[in-house]
Novice: 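There's a structure below that I have some questions on.
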Amino acid sequence: MLTEPPGPQHEWLDDAAGPVVRPYTLTGGRVRSAADGFDLVAFILAGPHVNAADPQLAPEHRRLVELTHRPVPVAELAAELDLAVGVVRVLLGDLLARGLIAVHEPLSMSCIPDDDILKAVVSGLRAL
């Protein structure tokens with residue numbers, strides 16, 4: 001016969017996973033970043049003098065700062081922290097608003113040469 005362990009049972013405690021924290025608690029209920037949306041492939045880089053051990057930073061913010069001492073894409077940060085991309089975007093917006101990180105966006109599609117131009121270049125090279 002199976003019996004329940006003694007003591008109070010909590011909905012936020014999962015025996016297999018440990019304490020479960022809902023994503024909205026990490027962002028204070030916010031679903032949008034203070035900054036414009038971060039592209040999934042945008043590279044994030046912490047400032048050279050940013051201290052990841054700053055006691056004013058929340059643990060998730062500290063971890064993001066630790067990970068971004070080298071350029072890291074937003075998607076990789078979400079995977080590394082095992083958090084939803086939306087949550088990571090909100091947390092990154094907090095860091096950006098405080099001037100602790102820099103965002104390096106990918107080139108826009110308007111900067112990429114048209115296919116016809118590339119085909120003309122290849123044809124010209126073949127003609128040489």
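What you are looking at is a predicted structure, and each value in this text was computed from that prediction instead of being measured.
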Novice: Testing the basics here: between E80 and L67, what is the closest heavy-atom pair and its distance to 0.1 Å?
Specialist: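 Taking every non-hydrogen atom into account, CG-CD1, 3.5 Å.
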
Novice: Verify, without hydrogens or angle tests, whether R62 (side chain) and D54 (backbone) share a donor-acceptor contact under 3.5 angstrom.
Specialist: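 Flag set: sc R62 to bb D54 pair under 3.5 Å.
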
Novice: Quick check: closest heavy atoms across L57 and L95, and the distance to 0.1 Å?
Specialist: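 Closest pair (atom of L57, atom of L95, distance): CD2-CD2, 4.1 Å.
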
Novice: Could you measure the distance from the CG atom of D39 to the NE2 atom of H104? Nearest 0.5 Å is fine.
Specialist: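 Nearest 0.5 Å value for the CG-NE2 distance: 14.0 Å.
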
Novice: Taking C-beta and beyond as the side chain, do V50 and V65 meet within less than 4.5 Å on heavy atoms?
Specialist: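 Sidechains of V65 and V50: in contact.
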
Novice: State which residues pass side chain to side chain donor-acceptor pair (under 3.5 Å) with E105; sequence neighbours excluded, sorted by chain then number.
Specialist: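 Testing E105 for side chain to side chain donor-acceptor pair (under 3.5 Å), a comparison that skips the adjacent residues, returns none.
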
Novice: May I ask whether V87 and L81 are part of the same hydrophobic cluster, defined by side-chain heavy atoms of I, L, V, M, F, W, Y residues being less than 4.5 angstrom apart, directly or through others?
Specialist: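 In one cluster: yes.
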
Novice: Nearest heavy-atom pair of A78 and V85: which atoms, and what distance?
Specialist: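 Where A78 meets V85 most closely, the heavy atoms are CB-CG2, 3.8 Å.
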
Novice: Is any side-chain heavy atom of L96 less than 4.5 Å from a side-chain heavy atom of F38?
Specialist: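 Yes; the side chains approach each other to less than 4.5 Å.
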
Novice: Any carboxylate oxygen within less than 4.0 angstrom of a Lys/Arg side-chain nitrogen, looking at E66 and R63?
Specialist: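 Looking at R63 together with E66, the answer is yes, because their closest N to O distance falls below 4.0 Å.
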
Novice: State yes or no: do V88 and F43 share one hydrophobic cluster built from I, L, V, M, F, W and Y residues joined by side-chain heavy-atom distances below 4.5 Å, directly or via other members?
Specialist: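 No, no single cluster joins them.
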
Novice: Evaluate V74 against V41 for side chain to side chain contact (heavy atoms under 4.5 Å, CB included), listing each step before the verdict.
Specialist: CA-CA 6 Å; V74 172; V41 294; over 6 Å; no

Novice: Closest approach of P73 and L40, non-hydrogen atoms and distance?
Specialist: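 What the structure gives for the nearest pair is CB-O, 3.9 Å.
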
Novice: In Å and rounded to the nearest 0.5 Å, what is the NE2 to CZ distance from H61 to R98?
Specialist: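 It comes to 8.0 Å.
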
Novice: Quickly, which of L100, L77, L83 forms a side-chain contact (heavy atoms from CB on, under 4.5 Å) with L64? Name it, please.
Specialist: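 The side-chain contact (heavy atoms from CB on, under 4.5 Å) with L64 is passed solely by L77 among L100, L77, L83.
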
Novice: According to a hydrophobic-cluster definition based on side-chain heavy atoms being under 4.5 Å apart (Ile, Leu, Val, Met, Phe, Trp, Tyr only), do L128 and V122 belong together?
Specialist: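 Shared cluster, no.
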
Novice: Where do L45 and P71 come nearest, in terms of heavy atoms and distance?
Specialist: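 Where L45 meets P71 most closely, the heavy atoms are CD1-N, 3.7 Å.
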
